[in-house]
Amino acid sequence: MHPRIFTLILLLLALAGVGCREGDPSPIDDTPYALQLPPGFPYPDIPEDNALTVARVALGKRLFYDPILSADSTISCASCHLPALAFADDAPISPGVGRRLGLRNAPTLANVAYLTLVNKDGGVPKLDLQALVPIEDHNEMDLSILSAALRLNAHPDYLEAFQRAYGEEASPFTITRALAAFLRILISGDSPYDRYEQGKGSLSESAKRGSALFFSERAQCSSCHSGFNFTDNGFHNNGLYDTYADPGRMRATFLPEDEGKFRVPTLRNIALTAPYMHDGSLPGLEAVIAHYNSGGSQHPNKDERIRPLGLSEMEKADLLAFLQALTDSTFIANPEFLPE
Ligand code: HEC
Ligand code: HEC
């Protein structure tokens, strides 16, 4: 979407929010939702106008799995963000309405509560607005958000659920907020690696060596994939191409120095979210490791930490074992996240 159109829509949304909240007497169920956080995870920032409540999360979950938000009622959020794949997809590019293809690989939604800028180019400033992009995008759900609101309000039980959650009917404001409330509870931090770090479980010797390599000065992986969510939330060019069909961060900033930079993705559940990179061009983790080991392209914006690593066959296998130890099997099976 063109940034200027997007700004306009942001304004519209802000207005819709203010307009509808005035003088509506409907009772709100404001029972707080108790977010479960693994050890070491900070409490995420939650905007004041969208406090996490049980009613909002339940409504957002229902919307997430409902194809009603697409033009021909065939595509839901979950069509491209599959729970069993840590809310990612196994296609390089997921088809939307009419099997049309977009630009990028569908990412995991694990821990999106912690994103400071949303989407791989950081083009969306907050999670509470993100849902507008797929709903309106011609290649994804292709439905105007106003039509979505009309459709939902025509269903008495949806209307009631919106009233209970927000004290208002479905609107651009409440639809996007409810979806964000559900997205915020998708927290993942219970992998074999976490349990090992907490002294509660074991890790293979190979995964332990892989972990040491991942966090080493030599490999530098953890300087970008850092912290509890394995990302510095920054934008870097990791040397995938000499020329980029997708300009990445430059699409949002128009700055040539941002060409080919993408937000550093989390590596949690990485073994479940193949194929990899912004365009899904690397089929498996072996290919990712081979990419980093090669030192990547000659692009002028390539980060200096991406350079030939000279990994032995055993080191490559160790790194793979470490990445595989980041799969959180309780996350993908959590009934709170799955359709009723
Ligand atoms: C047709 C496939 C498709 C559908 C349907 C879809 N998405 Fe996505 N989603 C994507 C792709 C591709 C991206 C990456 C977009 C980008 O980075 O530019 C994405 C990105 C996201 C992100 C940002 C994640 C990040 O790491 O920045 C969130 C949040 C999200 N989608 C939520 C949703 C919700 C909520 C819905 C339903 C309203 C939805 N998606 C529907 C394909 C889809
Ligand atoms: C300079 C920062 C940087 C360094 C160093 C780095 N990465 Fe990355 N990594 C990124 C960025 C940026 C992406 C996303 C690129 C894209 O979307 O095209 C990425 C993507 C990945 C992916 C694919 C994620 C996905 O969801 O598609 C994996 C796996 C990965 N890196 C592992 C590693 C490993 C292992 C190392 C060390 C050998 C490493 N990275 C070093 C920045 C870095």
Side-chain angles (χ1 to χ4, degrees), residues 60 63-67 69-70 75-81 87-89 91 93-97 100-112 115 117-124 127 130-135 137 139-143 148 175-176 179-180 182-183 186 210 213-214 216 218-226 230-232 234-241 244 246 248-249 251-252 260-267 269-271 273-282 284-285 287-289 291-293 296 302-307 309 311 319-320 322-323 326:
L63 290 170
F64 186 86
Y65 289 104
D66 195 339
L69 292 180
S70 61
I75 303 283
S76 73
C77 307
S79 307
C80 304
H81 299 286
F87 295 90
D89 192 7
I93 307 286
S94 318
V97 162
R100 287 192 289 269
L101 296 177
L103 189 64
R104 293 180 180 154
N105 178 248
T108 178
L109 299 181
N111 303 330
V112 289
L115 292 180
L117 291 171
V118 186
N119 283 343
K120 296 170 201 275
D121 55 16
V124 174
L127 192 61
Q130 200 281 338
L132 198 60
V133 180
I135 296 174
D137 191 319
N139 297 320
E140 296 187 44
M141 303 168 94
D142 196 24
L143 185 68
I175 295 169
T176 50
L179 281 162
F182 173 62
L183 295 175
L186 302 176
L213 189 57
F214 182 87
S216 69
R218 179 175 155 222
Q220 295 278 352
C221 311
S222 66
S223 69
C224 292
H225 297 280
S226 59
F230 296 90
T231 168
D232 64 0
F235 298 86
H236 305 287
N237 179 315
N238 71 343
L240 207 55
Y241 295 117
Y244 281 80
D246 178 344
R249 181 77 181 132
R251 220 168 155 238
K261 292 188 183 173
F262 293 87
R263 204 188 63 238
V264 176
T266 179
L267 298 183
N269 303 299
I270 194 69
T273 63
Y276 301 105
M277 305 300 168
H278 64 277
D279 52 0
S281 57
L282 297 185
L285 287 173
V288 172
I289 293 168
H291 161 69
Y292 283 113
N293 195 36
K302 187 178 80 169
D303 193 284
E304 59 188 18
R305 289 165 287 190
I306 310 294
R307 67 223 178 313
L309 297 175
L311 299 176
L319 206 44
L320 178 63
F322 167 71
L323 294 171
L326 298 177

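Order of listing sets the numbers, starting from 1, for every ligand and every atom in it.
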(message) I'd like to verify the contacts: list protein N, O or S atoms under a distance of 2.8 Å from atom 8 (Fe) of ligand 2.
(response) His225 NE2, Tyr292 OH

(message) Tell me the closest heavy-atom pair linking Arg249 and Leu117, and the distance in Å.
(response) NH2-CD1, 3.8 Å

(message) Return the closest protein heavy atom for atom 27 (O) of ligand 1 as residue, atom name and distance.
(response) Asn119 N, 2.7 Å

(message) I'd like to know if the side chain of Asn105 pairs up with that of Tyr276 as donor and acceptor (distance under 3.5 Å, no hydrogens or angles considered).
(response) no

(request) Anything under 30° is parallel, anything over 60° is perpendicular, the rest tilted; go ahead and classify His81 against Phe64. (result) tilted

(message) Heavy-atom pairs closer than 4.0 Å: do any link ligand 1 to the side chain of Leu103, the backbone, both, or neither?
(response) neither

(request) Within a distance under 4.0 Å of any heavy atom of Ser76, pick out the atoms of ligand 1 and give their elements. (result) 5 (C)

(request) Decide side-chain contact (heavy atoms from CB on, under 4.5 Å) for Phe214 and Leu326; before the verdict, give the C-alpha distance in whole Å, the side-chain angles of both, and the deciding distance to 0.1 Å. (result) CA-CA 12 Å; Phe214 182 87; Leu326 298 177; over 6 Å; no

(request) Considering heavy atoms of the protein only, find what lies nearest to atom 17 (O) of ligand 2 and give residue, atom and distance to 0.1 Å. (result) His278 N, 2.9 Å

(request) Indicate yes or no: at least one non-hydrogen side-chain atom of Leu186 is less than 4.5 angstrom from one of Phe87. (result) yes

(message) Using a 4.0 Å cut-off to any heavy atom of Lys120, which atoms of ligand 1 qualify?
(response) 14 (C), 16 (C), 17 (O)

(request) May I ask whether Pro95 has any heavy atom positioned less than 4.0 angstrom from an atom of ligand 1? (result) yes

(message) Taking the side chain as everything from C-beta on, heavy atoms only, tell me whether Val118 gets closer than 4.5 Å to Val112.
(response) no

(message) Taking 4.0 angstrom as the limit and counting only heavy atoms of Ile135, give me the atoms of ligand 1 inside it, by number and element.
(response) 38 (C)

(message) Any nitrogen or oxygen of Asn105 lying under 3.5 Å from a nitrogen or oxygen in ligand 1? Just yes or no.
(response) no

(message) Main chain of Val264, side chain of Thr231: is a donor-acceptor contact present, judged purely on distance under 3.5 Å?
(response) yes

(message) Show the atoms of ligand 1 that are less than 4.0 angstrom away from any heavy atom in Met141.
(response) 5 (C), 37 (C), 38 (C)

(request) Provide the number and element of each atom of ligand 1 under 4.0 Å from a heavy atom of Leu183. (result) 29 (C)

(message) With heavy-atom distances below 4.0 Å as the criterion, list the atoms of ligand 2 near Tyr276.
(response) 23 (C), 25 (C), 27 (O)

(message) Heavy-atom distances under 4.0 Å decide this one: backbone, side chain, both or neither, for Ser79 against ligand 1?
(response) neither

(request) Answer yes when Asp246 and Lys120 have at least one side-chain N-carboxylate O distance shorter than 4.0 Å, and no when they do not. (result) no

(request) Could you see which bit of Ile270 sits under 4.0 Å from ligand 2, with heavy atoms only: side chain, backbone, both or neither? (result) side chain

(request) Give the atoms of ligand 2, by number and element, whose distance to some non-hydrogen atom of Asp303 is under 4.0 Å. (result) 1 (C)

(message) Between Arg218 and Leu311, is there a side-chain heavy-atom distance shorter than 4.5 Å?
(response) yes

(request) Give the contacting part of Asp89 toward ligand 1: side chain, backbone, both or neither, where contact means a heavy-atom distance below 4.0 Å. (result) neither

(request) Please write down residue, atom name and distance for the protein heavy atom closest to atom 18 (O) of ligand 1. (result) Arg104 NH1, 2.7 Å

(message) Tell me the protein heavy atom at minimum distance from atom 5 (C) of ligand 2, and give that distance in Å.
(response) Gln220 O, 3.4 Å

(message) When you compare ligand 1 with Asp121, is there at least one nitrogen or oxygen pair between them that comes in under 3.5 angstrom?
(response) no

(message) Looking at every non-hydrogen atom in both residues, tell me the closest pair between Ile306 and Asn238 and how far apart they are.
(response) CG2-O, 3.7 Å

(request) Examine the proximity of ligand 1 to Ser70 and report which part, side chain or backbone, both or neither, has a heavy atom under 4.0 Å away. (result) neither

(message) Between ligand 1 and Ser94, is the shortest N or O to N or O distance under 3.5 Å?
(response) no

(message) For a distance under 2.8 Å, give residue and atom name for each protein N, O or S atom next to atom 8 (Fe) of ligand 1.
(response) His81 NE2

(message) For a quick check under 3.5 Å, do Asn269 and Thr108 share a side-chain donor-acceptor pair by atom type?
(response) no

(request) Any chance you could lay out the side-chain contact (heavy atoms from CB on, under 4.5 Å) test for Tyr244 and Asn237, step after step, and finish with the verdict? (result) CA-CA 10 Å; Tyr244 281 80; Asn237 179 315; 3.1 Å; yes

(message) Minimum distance, heavy atoms only, to atom 23 (C) of ligand 2: which one of His236, Met277, Arg249 is it?
(response) Met277

(request) Only one of Ile289, Leu285, Leu309, Asn293 passes side chain to side chain contact (heavy atoms under 4.5 Å, CB included) with Leu319; say which it is. (result) Ile289

(message) If we set the cut-off at 4.0 Å for heavy atoms, which region of Ile306 has an atom near ligand 2: side chain, backbone, both, or neither?
(response) side chain

(message) Distance under 4.0 Å to a non-hydrogen atom of Ile75: what atoms of ligand 1 satisfy this?
(response) 5 (C)

(message) Angle between ring planes, Phe262 versus His278, binned at 30° and 60°: parallel, tilted or perpendicular?
(response) parallel

(message) Using a 4.0 Å cut-off to any heavy atom of Leu115, which atoms of ligand 1 qualify?
(response) 25 (C), 26 (O), 27 (O)

(request) Number the atoms of ligand 1 from 1 as they appear, then name those within less than 4.0 Å of a heavy atom of Leu127, with their elements. (result) 29 (C)

(request) Using distance alone, decide if ligand 2 has a nitrogen or oxygen within less than 3.5 Å of any nitrogen or oxygen in Ser223. (result) no

(message) Could you identify the single nearest non-hydrogen protein atom to atom 26 (O) of ligand 1 and state the distance to 0.1 Å?
(response) Arg263 NH2, 2.7 Å

